[in-house]
Amino acid sequence: AKKHGKDRFEVFEPAMQEAFQAHIALEADLRRAVVRHEFELRYQPIVHLRTGEITGVEALIRWMHPERGIVPPMDFIPLAEETGMIVPIGEWVLREATTRVAEWNARRDGPPLTVSVNVSAVQLEQAALIQVVESALQAADMRPDRLVLELTESLLVDHRPATLERLGALKALGVRLAIDDFGTGYSSLAYLRRFPVDIIKIDKSFVDDVVDEPTAAALTHGIIQLGRALELSTIAEGIEHAGQLTSLAGGNCELGQGYYFAEPLTGAAISDLLFP
Ligand code: C2E
Ligand code: CA
Ligand code: CA
Ligand code: CA
């Protein structure tokens, strides 16, 4: 058995080294990407479920890698967080998203769109985040309540004492806060008491099974009712089929997003959609 273990170790070592080298290469690439601005935003429409009207968009980052093509956020956001590069990247996302959506709102006849931006825990650790948000709003000439900052539950789990204070300062600016992936963390309900949130985003895993699984349906509709009781907006994530829409709208879920309505779209595609 010992010999077997040794053999296995020898088999794994080159693989680990390869993974390590790939990690180092990716980090160097990402540093270059920050300097050369290799990122783009996609915008996924958020829709009022009863009327079908677009009420806002969620900004989702893409890395346009010169050799690898489009790199999805899951493949580089963790590294960006580890290395602190998420701070300049996140600042760019805030500026770009607010600028773009403010442009659309200026041209638009209908009610102004909201823009939702994902904010990572590392960004929230920076005291400067407040000024970054404030200056992005000013530069875009956007009303603060049109900006939604999406925070994941994991961010709220291992929160530092400064987190609550920082969220309070963001609220004082007038921006709105959403809990992303709601229901997937350990004590989702506790956060609703502790943090000044305005919006609950019901995780896709509930929405996936809302038609076929009575338990998922009961939980989803329970979350919607909880949201209503607390006077929070609810957004269902990852709606892919008409059946899910029927169930969610029937349960009085206010808003939703998902491939059923639209994938994350380029800014140009959103423009075409808004100004045909
Ligand atoms: P998220 O915030 O939960 O975003 C929703 C993800 O679900 C997006 O993946 C979106 O493209 C995808 N999605 C939307 N509708 C559907 C659907 O109907 N079906 C399916 N299968 N998927 C759907 P994406 O764009 O790959 O982003 C993944 C995650 O990366 C995001 O999850 C968010 O946590 C993170 N992320 C994206 N952009 C940023 C950013 O600018 N900053 C930070 N810190 N994180 C970001
Ligand atoms: Ca999100
Ligand atoms: Ca989510
Ligand atoms: Ca997620």
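Both counts, for ligands and for their atoms, begin at 1 and track the order of listing. Hydrogens, waters and symmetry mates play no part in the numbers below; they use all other heavy atoms, side chains included.
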In terms of heavy-atom contacts, does CZ of Phe275 have more than 12 from other residues, nucleotides or ligands at under 6.0 Å?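 Yes, enclosed.
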
Answer yes or no: are there more than 12 heavy-atom neighbours, outside Glu231 itself, under 6.0 Å from its atom CD?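 It does not: Glu231 CD has 12 such atoms or fewer within range.
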
Just which atoms of ligand 1 are under 4.0 Å from any heavy atom in [X]?
X      : value
Ser120 : 44 (N)
Glu240 : 17 (C), 18 (O), 19 (N), 20 (C), 21 (N)
Asp181 : 3 (O)
Gln44  : 14 (C), 15 (N)
Pro264 : 11 (O)
Glu58  : 2 (O), 4 (O)
Val93  : 41 (O)

With side chain to side chain contact (heavy atoms under 4.5 Å, CB included) as the test, pick out the partner of Leu147 among Leu170, Thr114, Leu137.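 Only one option passes, and that is Leu137.
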
Measuring from [atom], which candidate in [options] has the nearest non-hydrogen atom?
atom                    : options                       : value
atom 8 (C) of ligand 1  : Ile239, Asp75, Leu60          : Leu60
atom 16 (C) of ligand 1 : Phe261, Phe39, Tyr259, Trp92  : Tyr259
atom 45 (N) of ligand 1 : Asn118, Leu94, Val117, Val122 : Asn118
atom 36 (N) of ligand 1 : Ala59, Pro73, Gly258, Ala97   : Pro73

Is Glu38 salt-bridged to Arg32, cutoff N-O under 4.0 Å?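 Looking at Glu38 and Arg32, the cut-off is met.
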
Less than 4.0 Å between a side-chain N and a carboxylate O, is that true for Lys171 and Asp198?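 Here Asp198 pairs with Lys171 in a salt bridge, since their nearest N and O are under 4.0 Å apart.
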
By salt bridge (Lys or Arg N to Asp or Glu O under 4.0 Å) - contacts of Glu103 (at least two apart):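 Applying salt bridge (Lys or Arg N to Asp or Glu O under 4.0 Å) to Glu103 gives Arg100.
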
Set of residues satisfying salt bridge (Lys or Arg N to Asp or Glu O under 4.0 Å) with respect to Arg68, sequence neighbours excluded: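 Listed in chain order: nothing, the list is empty.
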
Determine, using the 4.5 Å side-chain heavy-atom cutoff (strictly less than), whether [X] and [Y] are members of one ILVMFWY cluster.
X      : Y      : answer
Val101 : Ile61  : yes
Leu60  : Ile199 : no
Leu49  : Phe182 : yes

Does an N or O anywhere in [X] fall below 3.5 Å from an N or O of ligand 1?
X      : result
Tyr260 : no
Asp180 : yes
Ile61  : yes
Arg62  : yes

Compute whether any side-chain donor of one residue and acceptor of the other, for Gln44 and Glu58, lie under 3.5 angstrom apart.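 No.
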
Would you check if there is a donor-acceptor pair between the side chains of Thr234 and Glu254 at a distance under 3.5 Å?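 Note: Glu254 and Thr234 side chains miss the donor-acceptor criterion.
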
Between side-chain atoms of residues 75-83 and protein atoms elsewhere (two or more places apart, or another chain), which donor-acceptor pairs fall under 3.5 Å?
residue : atom : partner : partner atom : Å
Glu81   : OE2  : Ser120  : OG           : 3.3
Thr83   : OG1  : Leu79   : O            : 2.8
Thr83   : OG1  : Ala80   : O            : 3.3
Thr83   : OG1  : Met85   : N            : 3.4

For the Ca ion (ligand 2), state how many protein N, O or S atoms fall inside a distance shorter than 3.0 Å.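 Number of qualifying protein atoms: 4.
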
Where does [X] meet ligand 1, judged by heavy-atom distances below 4.0 Å: at the side chain, the backbone, both, or neither?
X      : value
Glu237 : side chain
Pro72  : neither
Glu81  : neither

Does the side chain to side chain donor-acceptor pair (under 3.5 Å) test come out yes or no for Ser135 and Arg95, once each step is laid out? CA-CA 8 Å; Ser135 108; Arg95 290 192 164 271; 2.4 Å; yes

For ligand 1, is Gly238 a contact, meaning one of its heavy atoms is under 4.0 Å away?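 Yes; Gly238 lies near enough to ligand 1 that a heavy-atom distance drops under 4.0 Å.
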
Is the shortest distance from a heavy atom of Gln257 to ligand 1 less than 4.0 Å?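 For ligand 1, residue contact (heavy atoms, under 4.0 Å) with Gln257 is absent.
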
Has Arg146 got a side-chain atom pairing as donor or acceptor with Leu113's backbone, closer than 3.5 angstrom?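 Looks like no, no N/O pair under 3.5 Å.
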
Testing Arg50, His221, Arg228 for side chain to side chain donor-acceptor pair (under 3.5 Å) with Asn252, which one passes?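 Going through the options one by one, the only one that passes is Arg50.
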
